[in-house]
Amino acid sequence: MTLRLFAPALLAASTALVAFAGPAAADAHIDASAPNLDTVLAHERRAEDQARDQYRNPAETLAFFQVEPTMTVAEFGPGGGWYTRVLAPYIAPAGTYIAVNADSDGREYPSPEAEARAKGWADRFRGVVGEMTGMGTGDAMAFEVDEMPEDVAGTVDRVLIFRSMHGLNMGNIADDVLKAARMMLKDGGMVGVVQHRAPEGASYDDYGARQRGYMRQQDVVNIFEANGFELVDSSEINANPNDPADWERGVWTLPPVLGTGEDDPRRDEYLAIGESDRMTLLFKKAD
């Protein structure tokens with residue numbers, strides 16, 4: 001099966017550097033070419049990534065999102081490729097893997113070099129995905145949400161958005177991305193979301209109007225509902241009760257970023273907590 005990557009320019013630095021299907025994946029079927037997810041997760045190319053599995057729970061998360069290897073799956077904002085190194089080798093042999101990113105136009109850039117790098121992401125990703133996954137990239141495609149080919153509309157089983165909703169929210173581009181996602185989805189297709197979660201009872205001023213990486217769960221649900229989706233289910237797969245989620249410098253205080261530096265006297269505390277507390281949500285197109 002052809003590996004297809006639909007991806008555009010990088011999002012804001014907050015992302016550090018999407019999959020739809022019908023209920024119970026009615027159209028999906030396992031064939032001889034479909035890889036085993038356990039084999040993908042154990043591959044040596046993920047040697048450095050595997051330390052994060054205890055926090056990101058890829059097998060359990062993809063099962064909750066009802067992802068099957070024969071599906072057409074779109075990953076929004078591949079960024080550094082942690083999930084790409086899981087999804088592309090798992091999906092592409094028997095299904096179709098798509099990478100999607102935000103529109104790079106209409107944004108401010110710190111330098112002409114930064115702008116050129118952002119707008120050249122699609123071409124660069126076509127080569128990088130081969131390096132990340134060991135797969136061929138001769139006919140790989142990469143583009144931004146505003147450049148989605150017409151023949152993609154209505155073909156995607158799952159759109160997956162990992163730890164990116166805070167960037168979409170603060171960048172005022174969540175509506176554009178979710179409208180594109182809705183267009184891509186098949187009837188019955190779904191969107192899976194993993195997002196850093198603000199503490200219970202948190203104020204919008206602290207976690208909505210201000211960028212800390214965390215969002216209130218109801219705010220995420222509200223954004224999806226405003227764009228024609230409804231919540232199907234939620235899970236605590238990626239919850240971390242040890243994370244108070246109230247860091248002054250936001251989620252980047254914790255691993256893997258550890259943004260306060262090696263000299264921070266609380267560094268061992270951050271390492272002991274691990275990665276952030278996260279909501280895991282599944283949405284479908286509302287009638």
Side-chain angles (χ1 to χ4, degrees), residues 5-20 49 52 55-58 61-62 64-65 67 73-88 97-104 107 118 121-122 125 142-146 148 156 158-182 184-185 190-198 207-208 210-217 219-224 226-227 229 231 234-235 237-238 245 250-252 254 256-257 259 275-283:
L5 306 176
F6 302 15
L10 290 173
L11 287 176
S14 60
T15 59
L17 183 157
V18 267
F20 307 2
D49 291 344
R52 309 264 67 80
Y55 305 117
R56 300 183 179 184
N57 306 293
T61 299
L62 295 182
F64 177 74
F65 292 154
V67 172
V73 175
E75 178 189 9
F76 178 79
W82 193 93
Y83 251 108
T84 304
R85 286 185 287 274
V86 175
L87 288 170
Y97 169 82
I98 300 172
V100 184
N101 224 330
D103 181 4
S104 61
R107 293 166 45 199
W121 186 90
F125 189 81
F143 56 81
E144 303 174 359
V145 291
D146 60 318
M148 182 180 68
V156 178
R158 297 286 184 277
V159 173
L160 305 181
I161 306 178
F162 297 107
R163 306 179 311 282
S164 293
M165 286 302 300
H166 57 285
L168 299 183
N169 181 53
M170 292 303 294
N172 294 315
I173 57 175
D175 290 350
D176 291 341
V177 170
L178 295 184
K179 286 175 183 176
R182 187 177 170 90
M184 283 189 283
L185 282 175
M190 295 189 284
V191 183
V193 175
V194 177
Q195 171 58 38
H196 313 293
R197 179 166 53 191
Y207 291 92
R210 175 186 177 196
Q211 181 59 286
R212 299 176 78 174
Y214 297 96
M215 291 183 69
R216 302 187 305 179
Q217 185 161 318
D219 291 335
V220 175
V221 173
N222 291 345
I223 290 171
F224 272 84
N227 284 280
F229 292 93
L231 183 66
S234 63
S235 172
I237 294 168
N238 295 300
V251 70
W252 304 281
L254 296 177
V257 177
E275 296 193 12
S276 66
D277 179 48
R278 294 164 184 165
M279 64 186 87
T280 305
L281 310 174
L282 186 63
F283 296 91

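Residue numbers count from 1 along this sequence. On a predicted model such as this, the values are computed, not experimentally measured, just so you know.
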Checklist outcome for this item: The reported gap from CZ in Phe162 to OG1 in Thr84 (rounded to nearest 0.5 angstrom) is 9.0 Å
Checklist entry - Closest approach of Asp219 and Arg216, non-hydrogen atoms and distance? => result OD2-NE, 2.7 Å
Item to check | Criterion side chain to side chain contact (heavy atoms under 4.5 Å, CB included) on Val193 and Met165, from CA distance to verdict | outcome: CA-CA 8 Å; Val193 175; Met165 286 302 300; 3.9 Å; yes
Checklist entry - Just wondering, do Arg182 and Phe229 contact through their side chains at under 4.5 Å, heavy atoms? => result yes
Next on the checklist: Nearest 0.5 angstrom please: Ile98 CD1 to Met184 CE, how far?
Outcome noted: 7.0 Å
Item to check | CA sep, side-chain torsions, deciding dist, call: Gln211, His166, side-chain hydrogen bond (donor to acceptor under 3.5 Å, both in side chains) | outcome: CA-CA 7 Å; Gln211 181 59 286; His166 57 285; 5.0 Å; no
Next on the checklist: Could you report the tightest heavy-atom contact between Tyr214 and Gly250, atom names first, then the distance?
Outcome noted: CE1-C, 4.0 Å
Next on the checklist: Does any part of the side chain of Pro78, heavy atoms only, come nearer than 4.5 Å to the side chain of Trp121, both counted from C-beta?
Outcome noted: yes
Next on the checklist: Is there a side-chain contact between Leu282 and Leu231 in this structure, where contact means two heavy atoms from C-beta onward sitting under 4.5 Å apart?
Outcome noted: no
Checklist entry - Which distance, rounded to the nearest 0.5 Å, do you find between the CG of Asn57 and the CD1 of Ile237? => result 7.0 Å
Checklist entry - At what distance, to the nearest 0.5 angstrom, does CG of Asn101 lie from OG of Ser164? => result 8.0 Å
Next on the checklist: Give me the atom names and distance for the closest heavy-atom approach of Arg56 to Pro256.
Outcome noted: NH2-CG, 3.7 Å
Checklist entry - Any side-chain heavy-atom pair from Glu275 and Arg278 closer than 4.5 angstrom? => result yes
Checklist entry - Checking side chain to side chain contact (heavy atoms under 4.5 Å, CB included) for the pair Met190/Phe65: CA distance, chi angles, key distance, verdict? => result CA-CA 8 Å; Met190 295 189 284; Phe65 292 154; over 6 Å; no
Checklist entry - Trp82 and Arg52: side chain to side chain contact (heavy atoms under 4.5 Å, CB included), yes or no, with the steps? => result CA-CA 9 Å; Trp82 193 93; Arg52 309 264 67 80; 3.5 Å; yes
Checklist entry - Given side chains that start at C-beta, do those of Leu168 and Leu178 come closer than 4.5 Å, heavy atoms only? => result no
Next on the checklist: Using the side chain to side chain contact (heavy atoms under 4.5 Å, CB included) definition, which of the options Asp175, Val191, Asp176 pairs with Asn227?
Outcome noted: Asp175
Item to check | Closest heavy-atom pair and its distance - Phe64, Ser234 | outcome: CZ-C, 3.6 Å
Checklist entry - So Phe224 and Phe283, would you call those rings parallel, tilted or perpendicular, with 30° and 60° as cut-offs? => result parallel
Item to check | Phe76 vs Leu160 side-chain heavy atoms within contact, under 4.5 Å | outcome: no
Checklist entry - Yes or no on side chain to side chain contact (heavy atoms under 4.5 Å, CB included) for Val156 and Val73, after CA distance, side-chain angles and deciding distance? => result CA-CA 6 Å; Val156 178; Val73 175; over 6 Å; no
Checklist entry - If you take all heavy atoms of Tyr83 and Leu62, which pair is closest and at what distance? => result CE2-CD2, 4.3 Å
Checklist entry - Between Asn169 and Ile223, is any pair of side-chain heavy atoms under 4.5 Å apart? => result yes
Item to check | Qualifying residue for side-chain hydrogen bond (donor to acceptor under 3.5 Å, both in side chains) with Ser276, from Arg163, His196, Arg197 | outcome: His196
Checklist entry - When rounded to the nearest 0.5 angstrom, what is the spacing between CG in Asp277 and OH in Tyr55? => result 13.5 Å
Checklist outcome for this item: d(Leu281 CG, Gln217 CD) to nearest 0.5 Å is 5.0 Å
Checklist entry - Are the side chains of Val220 and Asn222 in touch, meaning some heavy atoms are under 4.5 Å apart? => result no
